[in-house]
Amino acid sequence: AQTVTQSQPEMSVQEAETVTLSCTYDTSESDYYLFWYKQPPSRQMILVIRQEAYKQQNATENRFSVNFQKAAKSFSLKISDSQLGDAAMYFCAYRSANSNSGYALNFGKGTSLLVTP
Amino acid sequence: DTAVSQTPKYLVTQMGNDKSIKCEQNLGHDTMYWYKQDSKKFLKIMFSYNNKELIINETVPNRFSPKSPDKAHLNLHINSLELGDSAVYFCASSPAGQTNYGYTFGSGTRLTVV
């Protein structure tokens with residue numbers, strides 16, 4: 001199974017500032033999908049943003065954007081104008097486009113984001 | 001209407017008991033999953049079903065048995081519960097063949113074995 005690494009167990013950002021969460025992955029595949037999920041204290045898993053590997057353009061969803069570097073196998077999440085409600089655990093996930101994978105989502109270990117007033 | 005619903009949300013039980021967690025989705029998705037989130041928040045896939053057929057069966061104790069009576073339901077039965085089974089269990093679903101979709105998750109079931 002592909003390995004997803006989130007090297008920052010915890011991050012902190014001040015309200016209204018920008019923060020970047022790192023994610024790298026290991027794969028020999030050329031076709032796959034990458035995701036960031038948010039898990040607030042309510043424990044609900046919420047999809048934040050997705051990226052198709054065949055697209056060079058970085059995905060953007062309002063204040064959330066990614067920096068996808070396919071050759072470097074890097075997929076970082078940038079949160080602009082951070083809000084108190086952004087405080088949560090953030091998970092990076094990889095999904096193969098190969099049916100042999102069963103289309104499982106492989107998750108990193110997560111980054112806990114603290115937002116301070 | 002909740003898209004993926006799990007019951008119960010909380011489950012406290014004694015070691016050695018048998019328990020079930022139910023999952024239902026009303027999204028019309030073909031594929032359903034069970035994930036386990038341990039105390040360190042790590043999410044690991046346990047099982048996946050596509051149209052009632054088992055397609056992923058990760059290395060989990062055979063005390064865990066999934067059952068899918070139809071494509072809208074995937075239940076998880078656990079026999080002879082152990083302390084180490086304490087975790088949050090998530091059900092999820094996705095449409096078949098749409099790998100860019102990601103998953104829709106249920107709200108999780110916190111299982112505590114005492």
Side-chain angles (χ1 to χ4, degrees), chain A residues 1-6 8-10 23 27 29-55 57 59 61 66 68 75 88-113, chain B residues 2-6 8-10 23 25 27 29-51 53-60 66 74 87-112:
Chain A
Q2 289 76 12
T3 304
V4 178
T5 302
Q6 293 178 249
Q8 306 151 317
E10 292 180 350
C23 174
T27 186
E29 299 177 331
S30 59
D31 195 13
Y32 50 87
Y33 302 87
L34 298 163
F35 304 85
W36 279 98
Y37 277 86
K38 170 185 177 181
Q39 187 179 39
S42 67
R43 81 169 181 245
Q44 181 68 48
M45 294 290 288
I46 302 165
L47 178 63
V48 174
I49 199 166
R50 78 189 89 200
Q51 174 80 40
E52 291 93 340
Y54 60 83
K55 288 188 177 178
Q57 186 173 8
E61 290 285 345
V66 298
F68 173 49
F75 182 60
M89 196 77 162
Y90 286 82
F91 292 96
C92 179
Y94 174 104
R95 193 180 198 190
S96 171
N98 187 334
S99 61
N100 290 339
S101 72
Y103 303 124
L105 268 179
N106 292 318
F107 286 91
K109 292 189 175 182
T111 296
S112 179
L113 179 65
Chain B
T2 303
V4 180
S5 61
Q6 292 180 229
K9 293 193 184 320
Y10 298 92
C23 179
Q25 54 96 3
L27 298 166
H29 290 169
D30 301 286
T31 311
M32 296 184 72
Y33 309 83
W34 277 110
Y35 274 77
K36 178 181 180 180
Q37 186 173 42
D38 63 23
S39 58
K40 296 184 178 178
K41 303 285 189 182
F42 183 59
L43 282 151
K44 184 170 170 52
I45 191 165
M46 300 174 69
F47 303 104
S48 170
Y49 270 74
N50 186 56
N51 270 324
E53 179 185 350
L54 181 66
I55 57 172
I56 295 176
N57 185 0
E58 288 294 310
T59 308
V60 299
L74 180 61
V88 178
Y89 293 84
F90 283 97
C91 178
S93 72
S94 68
Q98 295 183 35
T99 44
N100 65 335
Y101 182 89
Y103 294 174
T104 301
F105 282 87
S107 57
T109 297
R110 180 175 293 280
L111 171 65
T112 303

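The chains referred to below are lettered A, B, ... by the order of the sequence lines, with proteins before strands, and numbering in each begins at 1.
Looking only at heavy-atom pairs under 4.5 Å with chain A, the residue among Y33(B), Y103(B), Y35(B) that has the most is Y103(B). When each of R95(A), Q44(A), Q51(A) is scored by its heavy-atom pairs under 4.5 Å with chain B, the top score falls to R95(A).
Residues A92(B) and F105(B) share a closest heavy-atom pair of CB-CD2, 3.8 Å.
Contact of I55(B) with chain A is made through the side chain alone, with heavy-atom distances under 4.5 Å. F35(A) touches chain B through its side chain: at least one heavy atom from C-beta onward sits under 4.5 Å away, while N, CA, C and O do not. Looking at R50(A), the atoms closer than 4.5 Å to chain B (heavy atoms on both sides) all sit in the side chain, from C-beta outward. With a 4.5 angstrom heavy-atom cutoff, L47(A) touches chain B only via side-chain atoms. S94(B) touches chain A through its side chain: at least one heavy atom from C-beta onward sits under 4.5 Å away, while N, CA, C and O do not. Heavy atoms closer than 4.5 Å to chain B are found in the backbone of S96(A), but not in its side chain.
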Test side chain to side chain contact (heavy atoms under 4.5 Å, CB included) on C23(B) and W34(B) and set out the steps.
CA-CA 9 Å; C23(B) 179; W34(B) 277 110; 3.7 Å; yes
Pair Y32(A)-T27(A), side chain to side chain donor-acceptor pair (under 3.5 Å): steps then yes or no:
CA-CA 9 Å; Y32(A) 50 87; T27(A) 186; over 6 Å; no
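Within the 3.5 Å criterion, the main-chain N or O of Y89(B) finds a donor-acceptor partner in the side chain of Q6(B). One N or O on the side chain of Q25(B) and one on the backbone of L27(B) form a donor-acceptor pair closer than 3.5 Å.
Legend: residues meeting side chain to side chain contact (heavy atoms under 4.5 Å, CB included) with K41(B), ordered by chain and number and at least two apart, are Q39(A), M89(A), F91(A), Q37(B).
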